[in-house]
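Read the structure below first, then the notes.
Source: prediction; values computed, not measured.
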Amino acid sequence: MHAARIAPFLAGLAVVAGCATSPAPVAAPQNVAALKEQVFATERAFARTMADRDFAAFNSFLSEEAVFFSGPTPLRGKAAVAANWKRFYAEKEAPFRWEPAGVEVLDSGTLGLSFGPVFDPAGKQIATFMSVWRQEAPGTWRIVLDKGNAACDCAKP
């Protein structure tokens with residue numbers, strides 16, 4: 001009688017264990033070229049917020065989890081990034097501009113990387129940037145990580 005009670009339990013356990021070890025379905029391959037174009041377009045639109053002096057639009061590109069390296073201590077979260085960057089939108093003229101020079105995207109389509117130069121108002125390159133974008137909904141990319149670096153004068157010894 002004891003074996004009769006255990007047999008259904010073991011059979012059920014085997015079914016559950018079989019389900020747990022089944023491989024997850026593989027996602028359909030992403031069109032990486034199209035995803036890269038989305039990130040390029042998103043980065044260009046993000047940069048345009050500075051030229052257009054549109055702080056609300058700037059905020060719309062920030063992920064809630066955004067981390068910006070804008071000094072000795074990283075800015076963590078959308079609110080902190082927005083509070084710090086608001087000063088760059090205060091004047092009539094933009095204090096700098098940037099543009100993407102390159103983009104790369106994971107095959108999964110979940111993350112993208114953009115990078116490029118940053119220029120002062122006279123057009124002199126003063127820095128470079130690198131940003132990580134996360135696709136938070138189909139076709140909607142938001143910035144999660146951003147890091148700028150001063151431009152080096154590599155011609156000097």
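- Side chains of Thr49 and Asp54: a donor-acceptor N/O pair is absent below 3.5 angstrom, by distance only.
- The closest donor-acceptor contact from the side chain of Glu91 to the backbone of Pro95 lies at 3.5 Å or more, if one exists at all.
- Taken together through direct or relayed side-chain contacts under 4.5 Å among Ile, Leu, Val, Met, Phe, Trp and Tyr, Phe119 and Phe40 form parts of separate hydrophobic clusters.
- Taking a 6.0 Å sphere around CD of Glu65, one finds it holds 12 or fewer heavy atoms contributed by other residues, nucleotides or ligands.
- Aromatic pair Phe88/Phe96: centroids less than 6.0 angstrom apart.
- The two residues Asp146 and Ser131 make their nearest non-hydrogen contact at OD1-OG, 2.5 Å.
- Minimum interatomic distance between Gln135 and Gly109 (heavy atoms only, all atoms of both residues): NE2-O, 2.7 Å.
- Put simply, the side chain of Arg87 gets close to the backbone of Asn84: a donor and an acceptor are under 3.5 Å apart.
- Side-chain contact, Thr42 with Trp133: no donor N or O sits under 3.5 Å from an acceptor N or O.
- In this structure, the ring of Phe129 has its center no less than 6.0 angstrom from the ring center of Phe115.
- Checking Trp141 against Glu136 by side-chain atom types alone, no donor-acceptor pair falls below 3.5 Å.
- Residues Gly123 and Arg97 share a closest heavy-atom pair of CA-NH2, 4.5 Å.
- Between Ser63 and Arg134, the side chains place a donor N or O and an acceptor N or O closer than 3.5 Å (distance only, hydrogens not considered).
- Atoms CG and CD1, from Leu62 and Ile143 in turn, are 7.0 Å apart once rounded to the nearest 0.5 Å.
- Residues Leu113 and Met130 approach most closely at CD1-CG, 3.2 Å, considering heavy atoms.
- Comment: Glu104 engages Lys36 in a salt bridge, judged by a side-chain N to carboxylate O separation of less than 4.0 angstrom.
- Ring-plane geometry between Phe68 and Trp85 is classed as perpendicular, the angle between the planes exceeding 60 degrees on a 0 to 90 degree scale with a lower cut at 30.
- The distance from atom CZ of Phe46 to atom CH2 of Trp98, rounded to the nearest 0.5 Å, is 5.0 Å.
- Considering every non-hydrogen atom in both Val39 and Gly112, the closest pair reads CG2-CA, 4.4 Å.
- The CG atom of Leu111 sits 5.0 Å away from atom CG of Leu106, with the distance rounded to the nearest 0.5 Å.
- Looking only at side-chain heavy atoms (C-beta outward), Leu75 and Val67 stay at 4.5 Å or farther from each other.
- The local environment of CZ in Arg44 is crowded, with over 12 non-hydrogen atoms from other residues, nucleotides or ligands closer than 6.0 Å.
- In this structure, the side chains of Met50 and Tyr89 come closer than 4.5 Å at one or more pairs of heavy atoms.
- In terms of heavy-atom proximity, Val103 sits nearest to Val105 at CG1-CG2, 4.1 Å.
- A distance-only check finds no donor-acceptor pair linking the side chain of Arg142 to the backbone of Ala66 [under 3.5 Å].
- Contact check for Pro121 versus Glu93: no side-chain heavy atoms found under the 4.5 Å cut-off.
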